[in-house]
Amino acid sequence: MADASARPANGLRLVMLGPPGSGKGTQAEILAERLGIPAISTGEMLRRAVDSGSALGQRVESIMASGALVDDETMAEVVRERLSRDDASDGYLLDGYPRTLEQADTLAGILEDSSSALDAVIFVDAPEDELVRRALARQRADDTEQVVRHRQEVYREKTAPLIEYYEGLGLLRRVDGDRSIEEVNVGIREALGVSG
Ligand code: B4P
């Protein structure tokens with residue numbers, strides 16, 4: 001990637017990748033605020049759709065509750081629409097998307113259509129026992145132990161291949177997520193070469 005420090009921070013296009021419970025949502029919000037770019041969490045968007053009872057929410061509610069992934073076509077529509085909004089025209093931090101190789105292809109297409117490119121993919125990881133502990137401590141509706149374990153399996157099967165994919169593109173920045181929230185945040189900023 002181009003050295004992130006060589007560009008204005010608010011022009012960055014970033015992806016936050018990691019297993020459920022790795023802290024990616026937590027870190028995305030802190031980092032996006034510091035960089036002045038929107039944090040776009042597909043998990044959060046889907047939860048809001050479920051809460052509002054919209055057609056999308058009704059379609060995805062049981063899928064999310066089971067720990068499975070929402071289908072790639074639906075996610076493509078959701079993300080394409082969100083990234084077309086004005087606030088995403090000058091950078092964003094995608095949290096939880098892409099989650100499959102097909103979604104990575106879709107994102108590559110969206111970027112190509114707008115003649116833009118990703119600057120970096122931040123990969124935050126932690127041991128599975130810690131991931132499960134965090135998710136269970138959070139007690140969200142989709143955080144029962146069975147669902148949490150299933151989400152880890154889905155991650156290993158469908159999302160983990162993205163690590164190699166983005167490594168191959170020279171975009172991957174690995175950060176140890178098994179530390180305090182502040183320490184992880186410092187690690188991410190060091191990995192990106194952004195100060196502050
Ligand atoms: P997400 O909302 O993305 O859920 P998540 O993977 O658990 O991550 P989240 O960001 O919320 O939690 P975090 O690790 O920050 O997805 C939910 C569901 O939506 C998916 O299962 C799927 O069904 C659907 N979905 C979303 N995107 C999709 C896509 N692209 N394709 C298909 N389906 C999709 O934090 C976890 C907990 O750890 C928090 O309580 C936090 O406070 C704590 N924590 C964070 N950092 C910590 C640290 N350093 N130390 C201690 N605790 C920490």
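In listed order, ligands and their atoms are each counted from 1. Note that this is a predicted model, so its numbers are computed, not measured.
- Summarising the contacts of atom 19 (O) of ligand 1 with Arg138, Met64, Gln27, the nearest heavy atom is found in Met64.
- In terms of polar-atom proximity, Arg179 is counted as a contact of ligand 1, with an N or O under 3.5 Å from an N or O of the ligand.
- Using 4.0 Å as the threshold, Arg47 has a heavy atom nearer than that to some atom of ligand 1.
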Report the C-alpha distance between Leu14 and Tyr92 in whole Å, list the side-chain angles of each, state the deciding distance to 0.1 Å, and finish with yes or no for side chain to side chain contact (heavy atoms under 4.5 Å, CB included). CA-CA 6 Å; Leu14 305 170; Tyr92 48 78; over 6 Å; no
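- At a 3.5 angstrom cut-off on N or O pairs, Glu44 does not count as close to ligand 1.
- Taking a 6.0 Å sphere around CD of Glu29, one finds it holds 12 or fewer heavy atoms contributed by other residues, nucleotides or ligands.
- The N/O atoms of Val70, backbone and side chain alike, include one that comes under 3.5 Å of an N/O atom in ligand 1.
- For Ser41, no nitrogen or oxygen atom sits less than 3.5 Å from a nitrogen or oxygen atom of ligand 1, counting backbone and side chain alike.
- Atoms of ligand 1 lying under 4.0 Å from any heavy atom of Ile181, numbered from 1 in the order shown and given with element: 46 (N), 47 (C), 48 (C), 49 (N).
- The protein heavy atom nearest to atom 24 (C) of ligand 1 is Leu46 CD1, 3.7 Å.
- Given atom 42 (O) of ligand 1, the protein heavy atom at minimum distance is Thr26 OG1, 4.1 Å.
- Considering both main-chain and side-chain atoms, Gly23 comes within under 3.5 Å of ligand 1 through a nitrogen or oxygen pair.
- Not a single heavy atom of Ile63 sits under 4.0 Å from any atom of ligand 1.
- When Glu183, His150, Gln139, Arg151 are checked for heavy-atom proximity to atom 4 (O) of ligand 1, Arg151 turns out nearest.
- When heavy-atom distances to ligand 1 are checked against a 4.0 Å cut-off, Ser180 comes that close only through its backbone atoms N, CA, C and O.
- Those atoms of ligand 1 that come under 4.0 Å of a heavy atom in Gln103, given as number and element, are 29 (C), 30 (N), 31 (N), 32 (C).
- Polar contact check, Met75 against ligand 1: no nitrogen or oxygen pair lies under 3.5 Å apart.
- Ligand 1 has an N or O atom lying under 3.5 Å from an N or O atom of Thr42, backbone or side chain.
- Residue Glu164 places its CD atom among 12 or fewer non-hydrogen atoms of other residues, nucleotides or ligands, all under 6.0 Å distant.
- In this structure, atom 10 (O) of ligand 1 lies nearest to the protein heavy atom Gly25 N, 2.9 Å.
- Under a 4.0 Å criterion applied to the non-hydrogen atoms of Ser22, ligand 1 contributes the atoms 14 (O).
- A donor-acceptor pair under 3.5 Å is formed between the side chain of Glu183 and the backbone N or O of Ser180.
- Contacts of Arg140 with ligand 1, taken as heavy-atom pairs under 4.0 Å, involve the side chain alone.
- In this structure, Gly21 is part of the shell of residues with a heavy atom less than 4.0 angstrom from ligand 1.
- Taking any N or O of Glu130, backbone or side chain, none lies under 3.5 Å from an N or O belonging to ligand 1.
- The closest approach between any non-hydrogen atom of Ala68 and ligand 1 is below 4.0 Å.
- Remark: the backbone N or O of Arg13 is paired with a side-chain donor or acceptor of Asp119 at under 3.5 angstrom.
- For residues 57-78, no residue pair satisfies the salt bridge (charged side-chain N to carboxylate O under 4.0 Å, His left out) rule, not counting sequence neighbours.
- Nearest to atom 26 (C) of ligand 1 by heavy-atom distance, out of Lys24, Arg99, Arg134, is Arg99.
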